[in-house]
Amino acid sequence: MMNQTNEALTDFQRKVYEACSQIPAGKVSTYGLLAKAISCGSAQAVGQALKVNPFAPEVPCHRVVKTDRSIGGFFGQREGAEVTRKVNLLKEEGVKFDERGRVAQGQLWAFSREG
DNA sequence: ACCGTGACGGCGA
DNA sequence: TTCGCCGCCACGG
């Protein structure tokens, strides 16, 4: 995946991207869950790394939503075109949404320790 | 080295 | 249930 000259990436970012890559198509995870998977105490910090993800969509940062299952942001935007794109990508992967625009239950991916 | 800024999360109102 | 506040922690200036 990130076999290029990634000196611009911090160690933290690599951990975030690696964990994110584990999420399969058709499933989503949350910033909080991902943070926990890499032993980080801040979901917000995870979001910071994802917003500058240089490997999208190889590293599926679009499969990460908020804990309340609302869509969250995409490439720095918390609303607008990019966010709509995020929803479309998920729909294409088979992810279902409820009438409130949140990811329907039963589609969360739980990180089961491997890294 | 300090300070402000976030694709967040939990909690009280 | 939605809103606001505060805590979290990594980054750039």
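Just so it is clear: chains get the letters A, B, ... in the order the sequence lines come, proteins before strands, and each one is counted from 1.
For the pair A:E79 CD and B:dG6 P, the computed distance is 14 Å after rounding to whole Å. Note: NZ (A:K51) to P (B:dT5) measures 12 Å, nearest angstrom. The separation between A:R69 atom CZ and C:dT1 atom P is 11 Å, rounded to whole Å. One atom, CG of A:N53, and another, C1' of B:dA7, lie 11 Å apart when rounded to the nearest Å. Atom-to-atom, CG of A:D68 to C1' of B:dC11 comes out at 14 Å; the value is rounded to the nearest Å. In this structure, the CD1 atom of A:I71 is 13 Å from the P atom of B:dG9, given to the nearest Å. Put simply, CZ on A:R78 is 12 Å from P on B:dG9, counting in whole angstrom units. One interatomic measurement links the two molecules: NZ of A:K66 to C1' of C:dT1, which rounds to 15 Å at whole-angstrom precision.
The shortest distance between side-chain heavy atoms of A:L90 and A:F97 falls below 4.5 Å.
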Summary of protein contacts for nucleotides 6-13 of chain C, nucleotide by nucleotide, where a base hit scores B, a sugar-phosphate-only hit scores S (4.0 Å, heavy atoms): --BBBS--
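Listed by chain and residue number, nothing satisfies the salt bridge (charged side-chain N to carboxylate O under 4.0 Å, His left out) test with A:E82 (two or more places apart in sequence, or in another chain).
Without hydrogens or angle criteria, A:K15 side chain to A:A37 main chain gives no donor-acceptor distance under 3.5 Å. Side-chain N or O atoms of A:R102 include one that pairs as donor or acceptor with a backbone N or O of A:D68 at under 3.5 Å.
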Evaluation steps, side chain to side chain contact (heavy atoms under 4.5 Å, CB included), between A:V28 and A:L108: CA-CA 5 Å; A:V28 300; A:L108 286 188; 3.5 Å; yes
Step-by-step side chain to side chain contact (heavy atoms under 4.5 Å, CB included) determination, A:F74 to A:C61: CA-CA 8 Å; A:F74 202 42; A:C61 52; 3.9 Å; yes
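In this structure, C:dC8 makes no Watson-Crick or G-U wobble pair, since no nucleotide meets both defining distances under 3.5 angstrom.
Within the 4.0 angstrom heavy-atom criterion, no nucleotide atom of any strand lies near A:G72.
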